[in-house]
Amino acid sequence: MDKLIQGVQMVSESGELIIGDVGITGNLISEIGNELNAGNAEIINGNGLFLSPGFIDVHVHLRQPGGEHKETIESGTLAAAKGGYTTICPMPNTRPVPDTIETLTLVNDLIAKNALIRVLPYASITIRQAGKEQANLAELKEHGAFAFTDDGVGVQEAGMMYEAMQAAAKINMAVVAHCEDNSLIYGGALHEGTKNKELGLPGIPSIAESVHIARDILLAEAAGAHYHVCHVSTKESVRVIRDGKKAGVHVTAEVSPHHLLLSENDITKDNADWKMNPPLRGQDDLEALRAGLLDGTLDFIATDHAPHTAEEKAVGMKTAPFGITGLETAFPLLYTNFVKEGIWTMKQLIDWMTSKPADVFNLPYGKLEVGAEADLVLIDLNKEQKIDRSTFVSLGKNTPFDGWDCFGWPVTTIYGGKVVWEDGK
């Protein structure tokens, strides 16, 4: 045994909080029990702390290559480790786009050189994410693609999406979609509701998202494909996903922390830190998302971590880029506002951030059991502090949550048996 975490809280399969020890040998969890023999192992004092499997986020933006002024693989994976994440999946909206063996190899080489945790990259569905020519999905799978998506650019042509789903189904891979019908965006900057009218800004109607999801669920049914929906934001989207699951279609979906916590009503002024895509919707949409997560329509939580520079966000909502950061704040925000409030159990939150995304994408991670990867995060549930963007290790400081008071801060993150982030060090 190399490391022994002693006297730490864990959540059992039945949802109870238990106290025990966890032994690590090499990159694996080797023992779980009470009063384990430490031998010569390094002791990690877990007294008063909570232990979870390392979090998994299948929707992040690392920006490298091509957008290193916003984020790098090194800074993004450090932010992930600080937030308790040990596995993340970056979207392919880099330059170049990972749409060929050569460009995906470039991304994988950068990951191998710079990543502090496990990084599983997406490849694009179409060449340059242009929606006109399908990438060679089978070759990209062979060279390490996690799944396929044109994230940020919904595939506009139904025929292209259908053919991509057919190709992905043949190789048992998922098609993952940012759902947005470009003909229904109307140059919008935030949700088409009440707040955009108050601020005199163009709105994005809910149907821009839900129409694409409804179309794609039918295409996935015809193709026999696994279809995964990114960052669901509308009540109509929840409804069509629920109907698709009831019909036996292999459709899964994620929801982001900001769409569970905020609505358009929280926007008070033209401040681009509140501009994200999809936008913050109405209160009825927020309530539908919460209900959809609880009833299993939405499968898990993903941050859509999208860093931008302060200069890019300073120009106002109409022209600033979409996106907010999320890796460093997701767990404290969700724990404070849902678990501490008695709305969710701790087991529900942990599952939505670990085992559920692992199950959806057949990943062997997100487990706290003997023989599993020693990807772990120690959390101080009693630690209370305000979110302070100036302390972010991500290059992106763009968040609407600056100043929010939260409990439940990760203090030590272990990846593959090695400490990769420790509070204060």
Side-chain angles (χ1 to χ4, degrees), residues 5-22 29 32-34 44-58 80-87 254-261 289-303 326-360 363 365-370 372-385 387 401 404-415 421 423:
I5 305 172
Q6 290 184 324
V8 71
Q9 283 189 329
M10 298 170 277
V11 65
S12 70
E13 277 301 310
S14 63
E16 296 177 310
L17 283 179
I18 58 175
I19 296 176
D21 302 342
V22 175
I29 297 171
I32 299 177
N34 292 300
I44 297 175
N45 183 5
N47 185 39
L49 300 177
F50 177 81
L51 185 68
S52 167
F55 305 143
I56 297 170
D57 193 342
V58 303
K82 182 182 175 186
Y85 290 89
T86 53
T87 299
E254 70 194 40
V255 62
S256 298
H258 44 278
H259 290 120
L260 293 166
L261 288 163
L289 295 173
R290 292 182 177 185
L293 187 61
L294 285 168
D295 71 19
T297 301
L298 307 178
D299 294 87
F300 57 81
I301 297 168
T303 67
L327 287 168
E328 296 173 63
T329 57
F331 184 86
L333 282 167
L334 296 170
Y335 173 75
T336 301
N337 290 282
F338 291 103
V339 178
K340 277 186 71 67
E341 293 297 317
I343 300 169
W344 301 342
T345 67
M346 178 64 94
K347 187 176 188 320
Q348 285 176 314
L349 175 56
I350 296 300
D351 285 352
W352 287 325
M353 296 182 73
T354 61
S355 61
K356 296 290 188 181
D359 289 346
V360 164
L363 297 173
Y365 313 121
K367 301 174 183 177
L368 183 49
E369 61 186 40
V370 173
E373 287 284 329
D375 299 342
L376 303 164
V377 55
L378 282 157
I379 304 164
D380 188 345
L381 299 178
N382 296 313
K383 181 178 180 179
E384 181 183 10
Q385 67 181 34
I387 293 173
F401 296 111
W404 282 44
D405 196 50
C406 291
F407 290 84
W409 292 89
V411 294
T412 302
T413 302
I414 298 169
Y415 165 61
W421 186 83
D423 190 22

> Please confirm whether the backbone N or O of G7 pairs with a side-chain atom of D21, one donor and one acceptor, at under 3.5 Å?
yes
> Can you give me the closest heavy-atom contact between P410 and G408, atom names plus distance?
CD-O, 3.7 Å
> Looking at T336 and F407, would you say the former's side chain and the latter's main chain have a donor-acceptor pair under 3.5 Å?
yes
> Side chain to side chain contact (heavy atoms under 4.5 Å, CB included) with L51: which of L376, I379, V377?
L376
> Verify, without hydrogens or angle tests, whether S256 (side chain) and H259 (backbone) share a donor-acceptor contact under 3.5 angstrom.
no
> Would a 4.5 Å heavy-atom cut-off, applied to side chains only, mark V22 and I44 as touching?
no
> Looking at T412 and L378, would you say the former's side chain and the latter's main chain have a donor-acceptor pair under 3.5 Å?
no
> Does any part of the side chain of I414, heavy atoms only, come nearer than 4.5 Å to the side chain of I5, both counted from C-beta?
yes
> Looking only at heavy atoms, what is the nearest atom pair of Y85 and M353, with distance?
OH-CE, 3.3 Å
> Might you confirm whether atom CD of E369 has over 12 heavy atoms from other residues, nucleotides or ligands at distances under 6.0 Å?
yes
> Run through F300, W352, F55 and flag the one making a side chain to side chain contact (heavy atoms under 4.5 Å, CB included) with P357.
F300
> Would the distance check show the side chain of D375 and the main-chain N or O of G54 forming a donor-acceptor pair, the cut-off being under 3.5 Å?
no
> Does any part of the side chain of L260, heavy atoms only, come nearer than 4.5 Å to the side chain of R290, both counted from C-beta?
yes
> Is there side-chain contact between K383 and D423, with at least one heavy-atom pair below 4.5 Å?
yes
> Out of curiosity, L327 CG to T303 OG1, how far, rounded to the nearest 0.5 Å?
4.5 Å
> Kindly compute the distance separating CG (D359) from NZ (K367), expressed to the nearest 0.5 Å.
7.5 Å
> Contact between E254 and V360 at the side-chain level, heavy atoms closer than 4.5 Å - yes or no?
no
